[in-house]
Every structure is written in C-alpha cells, then in structure tokens.
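Below is one structure, written out as structure tokens; the observations come after it.
Letters go in sequence order (proteins before strands), and every chain restarts at 1. All heavy atoms count here, side chains included; hydrogens, waters and symmetry mates do not.
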Amino acid sequence: MPELPEVETVRQGLRTWVTGRRIETVEVRHPRAIRRHAPGASHFAAMLAGRTVLDVRRRGKYLWLPLDSGDAVLGHLGMSGQLLMQPPGTPDEPHLRVRFVFADGGPELRFVDQRTFGGLTVSEGGAELPAEIAHIARDPMDPEFSDADFVAALRRRRTEVKRALLDQTLISGVGNIYADEALWRARLHGARPTDALTRPAALRLLGHVRDVLAAATKQGGTSFDALYVNVNGESGYFDRSLSAYGREGLPCHRCGTPIRREAFMNRSSFSCPRCQPRPRIPARG
DNA sequence: CGCAGGCCCTGGTAGC
DNA sequence: TGCTACCAGGGCCTGC
C-alpha cells in the first residue's frame with residue numbers, strides 16, 4: 001500500500017539516518033528481494049561494500065540512494081516493503097530480506113518485506129536518475145511536472161480515468177487509495193472515459209490528486225496495519241482522513257449516501273453513488 | 001503502439 | 001477446532 005505519501009515519509013526519515021555513511025557489508029537474505037538485480041546477490045553486495053550513501057531520492061513510488069561510485073541502490077516497497085533502521089544486534093525480523101551494515105557501527109538499514117512484491121537493485125550509473133525508472137512519469141509533487149502536458153496526455157488516452165491515474169507512465173506515485181480519494185474529491189467515477197474529460201475537469205482532478213497526496217504526506221501517510229511504517233516503525237495517521245477508500249457502507253462525508261464498493265481492475269474501488277455516478281457511456285477500450 | 005489482463009506472494013480472516 | 005478460500009494490489013510481462 002505504500003504510495004507517494006508513504007514512500008516520501010520513508011525517504012525523509014531514511015535520509016537523516018543514512019546520508020554520509022559508508023556501507024561495510026550487505027547481506028541478502030532472500031533472493032526474490034533482489035530479483036531485478038540480474039547478476040545476483042553476491043554481485044549486488046560487492047557493488048555496495050565500501051560505498052558511501054550521498055542522499056535519498058524519490059520518483060513516484062521508487063526510492064534510490066545515490067552512492068559515491070555514481071551507482072545507486074534503487075528500491076520499491078511493493079505492497080509490504082519496509083526500510084527500517086535498527087541497532088546492530090536487534091533480533092532479525094521474520095521477513096528480513098536485506099541487511100545493510102555500516103562502517104561506523106551505527107544503526108543497520110534493513111529491508112523487510114512480507115509479501116515480497118518489493119525489491120532492491122543496484123542501478124549502474126543511476127545516482128542522478130536510475131535508467132530502470134526513466135520510463136516512469138514525474139510525480140505531481142515534482143517541480144518540473146507539467147500540468148499542461150499531463151492534461152493533454154490524459155485526454156489522448158482511450159481508457160478509464162482511474163486506470164489512467166494508476167498508470168505510472170502518465171503520472172507516478174498514485175495507487176489505489178489516493179486514486180479513489182482524488183476521484184471522490186473531484187466527484188468523478190473511476191470509469192469515466194479520459195477522452196471525454198474537459199481540460200478544466202482534468203486540471204481540477206490533478207489539483208485534487210496533488211492536494212490529497214500533500215495532505216497525506218503531512219500526516220506521515222496512511223496505515224491500515226503494521227505493514228506500512230516509517231523507518232522508526234511508526235504508522236501514519238491519514239487513514240482517519242479518508243473519504244472513500246475502505247469506507248463501504250459508511251456515509252459519504254458530503255451527502256451522507258453510503259459509500260459503495262465495486263470490483264475494478266481486479267481490486268476494490270470505493271466511491272459515492274450520488275456524488276460519483278457511473279458514466280452512461282463507458283470508455284472505449 | 002496502446003491497452004487489458006494475468007501473475008507474483010503471504011498473513012489474516014471469513015466461512016464451513 | 002481445523003481446514004479451505006479469499007483478499008490486499010504495484011509492476012512486469014504477454015497478447016491482442
């Protein structure tokens with residue numbers, strides 16, 4: 001469930017803990033966690049030993065740690081990935097996948113991931129922007145994100161608006177939770193065809209996406225259970241502010257109509273039947 | 001090329 | 001009580 005606000009919260013925490021520190025050793029505990037690193041675990045560890053972490057950066061839901069070698073550790077939390085700082089000697093977490101030990105003997109960085117949808121890789125020469133994620137669009141919090149380009153690209157699509165919001169090549173950082181929240185704020189049903197949105201409607205939707213991401217980031221993200229936590233193991237509080245996601249049967253915060261749940265893209269979508277009526281004309285596929 | 005859908009994965013929980 | 005089925009879903013891959 002980590003989307004942009006959760007990943008940004010992790011980035012901010014991580015940055016204060018690892019910037020300027022030299023990696024001594026890296027231990028890969030589960031091969032699936034580095035499956036995107038084709039040369040394998042020993043190569044992964046060898047490329048990191050002795051390197052100093054310069055920063056922690058993010059685009060959309062991806063994080064990367066630029067290194068003094070010009071390479072970067074690139075990571076995605078998937079559904080359940082956590083990056084935790086732990087004092088050496090702390091008992092291993094049940095789903096510990098990768099451990100970073102630092103030369104200063106201070107807190108370790110641990111990648112813990114129950115469902116193993118997340119993973120780490122070393123991006124060669126990827127300190128500035130890993131080539132592996134160059135195809136991902138900028139996220140809406142990026143100062144160089146172009147609202148006009150996004151609106152134009154959205155309206156060129158021949159799909160449904162929720163699908164478009166989840167397409168990381170169009171706009172990155174939005175997942176199922178914040179897509180539903182932004183659509184609720186914009187009073188749009190997720191099945192609305194993108195090519196039928198007016199420019200002002202598309203711009204308004206983008207504004208709501210940005211607003212909800214910013215508000216959630218301010219509260220440290222959304223947590224439903226212990227699967228999403230910051231680097232100190234703490235949960236975010238934005239779940240208290242949700243208006244649509246996970247609120248099936250509860251009254252809409254605007255009109256009181258019970259929120260409905262629909263199957264959509266093999267997952268759940270939550271919306272208000274009154275504020276967000278289903279489109280009469282479905283999107284062309 | 002653009003879009004849709006299947007698959008990966010595991011712990012918690014609902015239901016029998 | 002103990003078993004099974006189902007659910008959460010981001011990104012990669014394939015096929016149309």
Side-chain angles (χ1 to χ4, degrees), chain A residues 1-8 10 29-38 58-64 74-83 93-98 111-121 123 130-137 139 150 152-183 190-197 209 213 216 221-229 235-236 239 242 244-249 261-270 282-285:
Chain A
M1 293 202 246
E3 304 180 28
L4 188 152
E6 293 75 32
V7 179
E8 175 61 16
V10 170
R29 300 287 299 270
H30 195 299
R32 190 172 149 80
I34 58 136
R35 65 193 179 285
R36 299 292 163 204
H37 191 81
R58 180 189 58 74
R59 173 174 287 193
K61 304 171 197 170
Y62 282 93
L63 281 175
W64 72 95
L74 175 64
H76 195 291
L77 300 178
M79 287 280 299
S80 56
Q82 305 175 344
L83 288 166
E93 292 77 5
H95 304 291
L96 174 65
R97 307 307 188 191
V98 181
F111 180 62
V112 176
D113 190 8
Q114 176 200 102
R115 296 178 193 163
T116 71
F117 273 52
L120 304 177
T121 187
S123 174
E132 291 85 347
I133 60 167
H135 66 290
I136 302 290
D139 64 63
F150 167 75
L154 181 74
R155 297 177 72 244
R156 276 196 301 272
R157 291 294 174 101
R158 298 291 178 269
T159 189
E160 300 172 344
V161 66
K162 182 166 176 182
R163 283 183 176 279
L165 289 180
L166 297 176
D167 183 344
Q168 306 297 300
T169 66
L170 192 58
I171 183 171
S172 65
V174 182
N176 201 40
I177 296 172
Y178 299 111
D180 278 4
E181 292 303 303
L183 289 165
R192 289 278 291 267
T194 46
D195 59 345
L197 289 178
V209 168
L213 293 178
T222 300
S223 305
F224 293 100
D225 50 35
L227 284 186
Y228 161 69
V229 293
S235 296
D239 56 310
L242 295 176
Y245 186 87
R247 299 194 65 246
E248 183 182 18
R261 173 182 183 158
E262 296 171 291
F264 195 83
M265 289 176 71
N266 285 327
R267 59 197 65 174
S268 292
S269 283
F270 300 89
R284 291 174 281 165

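Between A:H76 and C:dG11 there is a side-chain polar atom (N or O) within less than 4.0 angstrom of OP1 or OP2. Taking 4.0 angstrom as the limit, A:Q168 places none of its side-chain polar atoms (N or O) nearer than this to OP1 or OP2 of C:dG10. Between A:S80 and B:dG11, a side-chain N or O to OP1/OP2 separation shorter than 4.0 Å is absent.
Considering only residues two or more places apart in sequence or on other chains, A:F270 meets the ring-ring contact (aromatic ring centres under 6.0 Å, His included) condition with A:Y245. Residues satisfying the salt bridge (charged side-chain N to carboxylate O under 4.0 Å, His left out) test with A:K162, not counting sequence neighbours, are A:D180. Residues passing the salt bridge (charged side-chain N to carboxylate O under 4.0 Å, His left out) test with A:E262, sequence neighbours excluded: A:R260, A:R278.
Summarising the geometry, the separation between CZ on A:F264 and P on B:dC3 is reported as 14 Å, rounded to the nearest angstrom. Rounded to whole angstrom, the span from the CG atom of A:D113 across to the P atom of C:dG10 amounts to 14 Å. Per the geometry, CZ belonging to A:R59 stands 18 Å off C1' belonging to C:dG10, to the nearest Å. Computed from coordinates, the A:Y245 OH to C:dA8 P distance equals 7 Å when rounded to whole Å. In this structure, CG of A:L4 is placed 16 Å from C1' of C:dG11, rounded to the nearest angstrom. For the pair A:E160 CD and B:dC3 P, the interatomic distance rounds to 12 Å; values are reported in whole Å. C:dA8 atom P lies 14 Å from atom CG of A:L166, rounded to whole Å. Between the CG atom of A:L170 and the C1' atom of C:dG10 there is a distance of 16 Å, rounded to whole Å.
Here the CD1 atom belonging to A:I171 is positioned 7.5 Å from the CG atom belonging to A:L213, to the nearest 0.5 angstrom. The CG atom of A:L165 lies 8.0 Å from the CG atom of A:L170; values are rounded to the nearest 0.5 Å. Note that NE2 of A:H76 and CZ of A:R36 are 10.5 Å apart. Values are rounded to the nearest 0.5 Å.
Judged by distance alone, the side chain of A:R115 and the main-chain N or O of A:G81 form no donor-acceptor pair under 3.5 Å.
Among the protein residues, A:R261 comes within range of the sugar-phosphate backbone only, with heavy atoms under 4.0 Å from sugar or phosphate atoms but none that close to a base.
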Inset, instruction - For A:R58 and A:D139, run salt bridge (charged side-chain N to carboxylate O under 4.0 Å, His left out): C-alpha distance rounded to whole Å, both residues' side-chain angles, the deciding distance at 0.1 Å, then the answer. - result: CA-CA 9 Å; A:R58 180 189 58 74; A:D139 64 63; 3.0 Å; yes
Inset, instruction - Could you walk me through whether A:R59 and A:W64 pass side-chain contact (heavy atoms from CB on, under 4.5 Å), step by step? - result: CA-CA 9 Å; A:R59 173 174 287 193; A:W64 72 95; 3.9 Å; yes
Inset, instruction - Evaluate side-chain contact (heavy atoms from CB on, under 4.5 Å) for A:H37 paired with A:L120, printing each intermediate quantity in order. - result: CA-CA 7 Å; A:H37 191 81; A:L120 304 177; over 6 Å; no
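Taking for each of A:R97 and A:R156 the nucleotide of DNA chain B with the nearest heavy atom, the 5'-most of the two is the partner of A:R156.
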Please list, for nucleotides 12-16 of chain C, all pairs of protein and nucleotide N/O atoms separated by less than 3.5 Å.
unit_1 : atom_1 : unit_2 : atom_2 : d
C:dC12 : OP1    : A:Y62  : OH     : 2.8

Could you write out each protein N or O paired with an N or O of nucleotides 7-9 of chain B at a distance under 3.5 Å?
unit_1 : atom_1 : unit_2 : atom_2 : d
B:dC8  : O3'    : A:R32  : NH1    : 3.3
B:dC9  : OP1    : A:R32  : NH1    : 3.4

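In this structure, the helix from B:dG2-C:dC16 to B:dC16-C:dG2 shows an angle of 50° between the axis at its start and the axis at its end, each fitted on 5 base pairs and rounded to 10°.
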